[in-house]
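All heavy atoms count here, side chains included; hydrogens, waters and symmetry mates do not. Letters go in sequence order (proteins before strands), and every chain restarts at 1.
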Protein chains: 2
Amino acid sequence: MQEHPNENKSPDIPDTDTLYNLSELFKVFGDATRIRIISALLDGEMCVFHLSEALGMGQSAISHQLRILRSAGLVKPRRSGKTVFYSLDDEHVKLIYDMGLAHIRHKNNEGGAL
Amino acid sequence: MQEHPNENKSPDIPDTDTLYNLSELFKVFGDATRIRIISALLDGEMCVFHLSEALGMGQSAISHQLRILRSAGLVKPRRSGKTVFYSLDDEHVKLIYDMGLAHIRHKNNEGGAL
DNA sequence: TCAACATATGAATATTTGTTCATATGAGAA
DNA sequence: TTCTCATATGAACAAATATTCATATGTTGA
């Protein structure tokens, strides 16, 4: 036996279909506008108009991106009168977001050392 | 004042530049070929030829994608004679990958319930 | 040096995708 | 109902991107 950190030699390779879905999920995170929306929603729900103001983009562009985020199950809408408030659907969203940020910062900090 | 659930009003919103880099990171995960490469490398290093065989794709396509993965700091090469072995650069890669899988499975399991 | 092999790279092409513009849907107020 | 406001949607265009083909780089062995 070896004392390497990763003991689980699981040939747990998901099928191609699952990996495709996984790539589709990350693709949703892989756009600057959508990430900015997610980032804005970390502090709580926000309506479409407010989002478009915060990001300095047209309402239509935001709405289109919200639809993609919604289809992916990353955000969910709440209607209140004429306005629709969006919020993160799931704690996983924040976890994935934070994990990505951690990676970036990790890479930034080793930049000078290597 | 209102008593909304999210009290932590942390204006910890990263600057647009950082969020752009974050989206670029997720964009790298957001391709089926690259995710399959990452998935294959979870079990250990693999050479380019073997990877192209495992994925049933041309060597050039794999090489192109490996370059993207390498630039993003997700995989690293190790040369041994003529062959180059690739492995995951960083534990974060597996963490992000696993987090994404967890999200997908989570969503699949709530599909019937909601 | 030359030949054979493994990988990397560049150009070209086809597909995907984000934004804009115009318009449609839907809710509240009069 | 009709007007207005907030959001959603569809079409069109521009930009980004993955794969293929051809070729270059670099290593090993003769």
[X] [atom1] to [N] [atom2]: how many Å, rounded?
X: L69(A); N: dT7(D); atom1: CG; atom2: P; value: 16 Å
X: I62(B); N: dT9(C); atom1: CD1; atom2: C1'; value: 15 Å
X: E24(B); N: dT17(D); atom1: CD; atom2: P; value: 7 Å
X: M57(B); N: dT19(D); atom1: CE; atom2: P; value: 4 Å
X: R67(A); N: dT25(C); atom1: CZ; atom2: P; value: 15 Å
X: K82(A); N: dA29(C); atom1: NZ; atom2: P; value: 7 Å
X: R79(B); N: dT7(C); atom1: CZ; atom2: P; value: 8 Å
X: I68(A); N: dG18(C); atom1: CD1; atom2: C1'; value: 8 Å

* Within-4.5 Å side-chain heavy-atom neighbours: D89(B) and K107(A) ->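 Side-chain contact under 4.5 Å: yes.
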Considering just the side-chain nitrogens and oxygens of [X], establish if one lies under 4.0 Å of OP1 or OP2 belonging to [N].
X: R34(B); N: dA18(D); answer: yes
X: S60(B); N: dA8(C); answer: no
X: K27(A); N: dT17(C); answer: yes
X: Y86(B); N: dA6(C); answer: no
X: T83(B); N: dT27(D); answer: no
X: Q65(A); N: dT17(C); answer: no

* For P77(B) and S80(A), take the nucleotide of DNA chain C holding the closest heavy atom to each; which residue's nucleotide lies nearer the 5' end? ->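 With P77(B) and S80(A) compared, the 5'-side residue is P77(B).
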* DNA chain C: G30(A) or Q59(A), which has the more 5' nearest nucleotide? ->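 Its nearest nucleotide lies further toward 5', so the answer is G30(A).
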* Working to the nearest 0.5 Å, report the span between CG of L88(A) and CG of L74(A). =>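 If I round to the nearest 0.5 Å, the distance is 8.5 Å.
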* **Any donor-acceptor N/O pair, T18(B) side chain to P14(B) backbone, under 3.5 Å** =>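 No.
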* **Backbone of K27(B) reached by a side-chain donor or acceptor of R34(B) within 3.5 Å** =>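 Between the backbone of K27(B) and the side chain of R34(B) there is a qualifying donor-acceptor contact (under 3.5 Å).
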* Among D43(A), I38(A), I37(A), which one satisfies side-chain contact (heavy atoms from CB on, under 4.5 Å) with L41(A)? ->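 Of D43(A), I38(A), I37(A), side-chain contact (heavy atoms from CB on, under 4.5 Å) with L41(A) is met by I37(A) alone.
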* **base_contact_polar (dT9(C) base, S63(B) side chain, donor-acceptor, <3.5 Å)** =>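 Per atom types, no contact qualifies.
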* Would you mind telling me which residue lines up with the more 5' stretch of DNA chain D, V84(A) or H64(A), judged by nearest nucleotide? =>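 That would be V84(A).
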* To do: Consider the side chain of R70(B), meaning its heavy atoms from C-beta on, and name the nucleotide among dT19(C), dA8(D), dT9(C) that approaches it most closely.
  =>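 Output: dT9(C).
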